[in-house]
Amino acid sequence: GAVVSQHPSRVICKSGTSVKIECRSLDFQATTMFWYRQFPKQSLMLMATSNEGSKATYEQGVEKDKFLINHASLTLSTLTVTSAHPEDSSFYICSASLGLAQETQYFGPGTRLLVL
Amino acid sequence: QKEVEQDPGPLSVPEGAIVSLNCTYSNSAFQYFMWYRQYSRKGPELLMYTYSSGNKEDGRFTAQVDKSSKYISLFIRDSQPSDSATYLCAMSSNSGYSTLTFGKGTMLLVSP
């Protein structure tokens, strides 16, 4: 149980284009999903917290107009990197909370984005 | 001082060795402590989840939490080459709803 998938697993795009990454909880309903970014040899940095049916909460320094998050259902959240630039190249990972007391987050396999 | 400190390694051990991985933290509000294993170019996989102080064992893995010292450990017995990965500690002050604070991760290399 507690499987989280991401699509695509890797994407290469040209500078200035937009990229959408999907995060799905496959066998449970996730009230809350989280989006992280991880640069090489660095830890995960939380970008935003996504709650179903409401606006995402962004961490300080993360541009909400650049990283659009939509949590349309209890099993799907999407992250759209708008007008991507080479400095946006990174490993993007989502996680989902089971929503039960004293439970933790389960992570997707990640999406590697390369902006040329 | 960073909230969570973790030695990045790499930590190299021979197969069969007992491995000790550690994190220290500064926020006394942390109550939930997790260890994740992350293989290269993959998402983190939850290994151990503990609440408050004490020990928890699961197969070859043992997690220890010492809140008085703000110190947590993960022990791996009879280490295998397949254990080679980066191990991330993470902690939070509330349950899964709250944000996790991660360590930078320790790279473990187990040689055959």
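Reminder, nothing fancy here: chain letters follow the sequence lines and each chain counts from 1. Just the heavy atoms: all of them, side chains too, but no hydrogens, waters or symmetry mates, feed the values below.
Proximity to chain B is limited to the side chain of A:Q38, based on heavy atoms less than 4.5 angstrom apart. Proximity to chain A (any heavy atom under 4.5 Å) is shown, for B:E45, by neither the backbone nor the side chain. Heavy-atom distances place no part of B:Y39 under 4.5 Å from chain A, backbone and side chain included.
The OG1 atom of A:T57 sits 10.0 Å away from atom NZ of A:K64, with the distance rounded to the nearest 0.5 Å. Rounding to the nearest 0.5 angstrom, the gap separating the NZ atom in B:K70 from the OH atom in B:Y25 is 6.5 Å. Atom OG of B:S92 sits about 10.5 Å away from atom OH of B:Y51, to the nearest 0.5 Å. One distance of note links CG of B:L46 with CG of B:L88; it measures 11.5 Å at 0.5 Å rounding.
Annotation: A:F34 is not in aromatic contact with A:F107 [ring centroid separation under 6.0 Å not met].
A heavy-atom distance below 4.5 Å is found between the side chains of B:T101 and B:F30. With contacts defined as side-chain heavy-atom distances shorter than 4.5 Å, the pair B:V4/B:M91 qualifies. Within the 4.5 Å cutoff, the side chain of A:E52 has heavy atoms near those of the A:H71 side chain. The shortest distance between side-chain heavy atoms of B:L100 and B:M34 falls below 4.5 Å. Looking at heavy atoms from C-beta onward, B:Y32 lies in side-chain contact with B:Y49 at the 4.5 angstrom threshold. Between A:L113 and A:V19 there is a side-chain heavy-atom pair separated by less than 4.5 Å. Counting heavy atoms from C-beta outward, B:W35 and B:C23 have side chains that approach closer than 4.5 Å. Between A:T49 and A:Y58 the shortest side-chain heavy-atom distance does not fall below 4.5 Å.
Ring geometry for A:Y36 versus B:F102: interplanar angle over 60°, hence perpendicular rather than tilted (30 to 60°).
Contacts of residues 8-17 of chain B with chain A at a heavy-atom distance below 4.5 Å are absent; not one residue qualifies. Proximity to chain B at a heavy-atom threshold of 4.5 Å picks out A:F91, A:I93 from residues 75-94 of chain A, in numerical order. Using non-hydrogen atoms only and a strict 4.5 Å limit, no part of residues 58-69 of chain B faces chain A. For residues 71-78 of chain B, heavy-atom neighbours of chain A at less than 4.5 Å comprise no residues at all.
The greatest number of non-hydrogen atom pairs below 4.5 Å with chain A, out of B:G105, B:G103, B:G43, is found for B:G43. Of the listed residues (B:Q6, B:M107, B:Q38), the one with the most heavy-atom contacts under 4.5 Å to chain A is B:Q38.
The pair A:E22-A:K20 fails the salt-bridge criterion, with no side-chain N (NZ, NE, NH1 or NH2) lying under 4.0 Å from an Asp/Glu carboxylate O.
With B:Q31 contributing its side chain and B:S93 its backbone, the two residues share a donor-acceptor pair below 3.5 Å.
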Step by step, work out the side chain to side chain donor-acceptor pair (under 3.5 Å) result for B:E5 and B:T24.
CA-CA 5 Å; B:E5 299 273 6; B:T24 59; 5.9 Å; no
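Residues A:T17 and A:C13 come closest through the heavy atom pair OG1-CB, 3.4 Å.
B:D7 and B:T106 share no donor-acceptor pair across their side chains, judged by distance under 3.5 Å alone.
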